[in-house]
Number of protein chains: 2
Amino acid sequence: MSQGHTAVPAQLRTLADAQALIDQGVCPIPPREILDRIAGKWPVQIIVACSQGPIRFTELERTIDGISRRMLTLTLRNLERDGLLERTVYPTVPPKVEYRATPMALELYEALLTLTNWSMRHSACIARAREEYDRRTTGN
Amino acid sequence: MSQGHTAVPAQLRTLADAQALIDQGVCPIPPREILDRIAGKWPVQIIVACSQGPIRFTELERTIDGISRRMLTLTLRNLERDGLLERTVYPTVPPKVEYRATPMALELYEALLTLTNWSMRHSACIARAREEYDRRTTGN
DNA sequence: CCGGATCCCCTCAGATACTG
DNA sequence: CAGTATCTGAGGGGATCCGG
């Protein structure tokens with residue numbers, strides 16, 4: 001029962017193809033939902049931090065900078081629920097909990113790299129486009 | 001003055017490298033903001049629809065299914081502002097407006113393909129992880 | 001045909017305080 | 001140390017109406 005992605009071709013050529021597969025019900029969770037899940041303010045940072053090996057709750061809290069306890073917990077739970085993070089509890093006193101990225105998350109990391117790469121190569125271009133756009137619209 | 005991405009290497013190897021570049025101020029707009037911009041409910045669908053050639057406002061409205069006039073307009077404006085869409089107005093009666101993806105958006109499309117591909121290959125796995133997680137937590 | 005303006009809801013992030 | 005509970009405000013997004 002460990003099939004899971006037998007019906008999905010190894011490499012899609014267009015997003016329209018993807019949409020077709022989604023419409024056929026091949027894909028239990030549409031990519032949009034995945035995008036939402038990782039597009040929040042914290043998930044990517046957390047995945048990055050957990051990709052280098054096990055990391056503890058408090059370490060994450062210090063590493064992520066600006067994250068609240070609440071959001072850290074919530075985001076960790078969501079990522080764990082999706083099978084992207086593994087949570088290990090050591091029943092010691094004081095308690096110790098470690099998080100690490102699963103293989104699936106590491107693959108996601110690669111995909112994110114593509115997107116980040118695009119962002120960085122074009123961010124100056126986007127910034128310029130914005131300035132120009134704003135000049136056109138406020139000047140009017 | 002059409003440099004824009006001279007300081008960014010062609011291909012990043014890790015997201016930590018990317019973060020370092022961001023911290024150096026090389027990247028005027030951090031990738032996170034880009035993620036936010038495209039992660040909304042509609043942007044990706046719109047980019048897909050505009051990637052096959054010019055498409056009119058009303059066509060988009062019919063194609064996207066479920067989108068409100070307001071959100072279509074808003075999302076189009078944001079994408080246009082970021083230089084991802086080109087808007088052409090034909091001063092006819094009745095008015096005619098066409099949108100098409102810019103080359104930059106077509107490259108983004110490729111990056112999204114990577115991410116979508118990941119989503120589809122793992123969605124069954126994620127779905128299973130969720131079920132299992134929910135069983136563990138509600139059973140408790 | 002294309003879109004701006006307004007109202008309203010509802011989710012979700014932040015702050016703060018408390019517990020095993 | 002690693003969380004939970006509760007309140008609160010900002011903003012995404014739908015519905016509707018109006019205008020060029």
Side-chain angles (χ1 to χ4, degrees), chain A residues 30 32-47 49-50 54-82 85-100 133-134 136-140, chain B residues 30 32-47 49-50 54-82 85-100 133 136-138 140:
Chain A
R32 262 226 69 263
E33 200 172 321
I34 309 288
L35 248 188
D36 272 354
R37 176 56 37 91
I38 61 165
K41 197 170 179 181
W42 311 111
V44 172
Q45 298 182 62
I46 291 182
I47 290 174
C50 295
I55 185 170
R56 300 184 58 175
F57 186 89
T58 316
E59 290 182 279
L60 281 170
E61 197 175 7
R62 276 195 303 268
T63 305
I64 304 289
D65 195 77
I67 196 170
S68 66
R69 243 183 180 61
R70 173 187 144 87
M71 284 319 295
L72 181 53
T73 304
L74 250 65
T75 313
L76 286 171
R77 288 290 169 278
N78 282 333
L79 292 173
E80 188 197 355
R81 185 169 109 98
D82 287 350
L85 252 41
E86 242 183 46
R87 182 169 177 267
T88 314
V89 182
Y90 299 92
T92 58
V93 178
K96 174 178 171 181
V97 181
E98 278 182 349
Y99 296 89
R100 54 181 255 268
Y133 182 92
D134 291 344
R136 278 206 311 272
T137 51
T138 57
N140 181 18
Chain B
R32 262 227 69 263
E33 200 172 321
I34 309 288
L35 250 187
D36 271 355
R37 175 58 34 94
I38 61 164
K41 198 169 178 181
W42 311 112
V44 172
Q45 298 181 62
I46 291 182
I47 289 174
C50 294
I55 183 170
R56 300 185 58 176
F57 186 89
T58 317
E59 289 182 280
L60 281 170
E61 197 175 7
R62 275 194 303 268
T63 304
I64 304 290
D65 195 75
I67 195 170
S68 66
R69 241 183 179 59
R70 171 187 144 87
M71 285 318 295
L72 181 54
T73 304
L74 246 66
T75 313
L76 286 170
R77 286 292 166 277
N78 281 333
L79 292 174
E80 188 196 354
R81 185 170 110 98
D82 287 349
L85 252 41
E86 243 183 46
R87 181 168 178 268
T88 314
V89 182
Y90 298 91
T92 57
V93 178
K96 173 179 171 180
V97 181
E98 278 183 349
Y99 296 89
R100 54 180 255 269
Y133 181 92
R136 278 206 312 273
T137 51
T138 58
N140 182 19

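Here is the naming used below: chain letters follow the sequence lines, and residue numbers restart at 1 for every chain. All values below come from the heavy atoms of this structure, side chains included, with hydrogens, waters and symmetry mates left out.
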Does C:dC12 have OP1 or OP2 sitting under 4.0 Å from an N or O in the side chain of A:W42?
no
side-chain hydrogen bond (donor to acceptor under 3.5 Å, both in side chains) partners for A:E86, two or more places apart
A:R100
Could you tell me how far apart B:I64 (CD1) and C:dG3 (P) are, to the nearest whole angstrom?
14 Å
Please report, rounded to the nearest Å, how far the C1' atom of C:dA13 is from the CG atom of B:D36.
13 Å
What is the distance from CG of A:L85 to C1' of D:dA2, rounded to the nearest Å?
15 Å
With respect to the phosphate group of C:dG3, does any side-chain polar atom (N or O) of B:R56 fall under 4.0 Å of OP1 or OP2?
no
Within the side chain of B:R32, is there an N or O that forms a donor-acceptor pair under 3.5 Å with the backbone of A:G40?
yes
If the cut-off is 4.0 Å, is B:R37 near the phosphate of D:dG12, judged by side-chain N/O to OP1 or OP2?
no
Counting side-chain heavy atoms from C-beta on, which of D:dG3, C:dG3, C:dG20 comes nearest to B:V97?
C:dG3
Separation of atom CD in B:E33 from atom P in D:dG11, rounded to whole Å
14 Å
Please give me every residue in residues 67-81 of chain A whose heavy atoms get under 4.0 Å of an atom in DNA chain D, ordered by residue number.
A:R69, A:R70, A:T73, A:R77
Take atom CD of B:E61 and atom P of D:dG14, then tell me their distance rounded to the nearest Å.
12 Å
Taking B:R77 for its side chain and B:L72 for its backbone only, find out whether a donor-acceptor pair lies under 3.5 Å.
no
Check whether any side-chain nitrogen or oxygen of A:K41 sits under 4.0 Å from OP1 or OP2 of C:dC12, and answer yes or no.
no
Residues B:R81, A:D134: salt bridge by 4.0 Å N-O rule:
yes
Find the distance between CD1 (B:I67) and CD1 (B:I46) and round it off to the nearest 0.5 Å.
4.5 Å
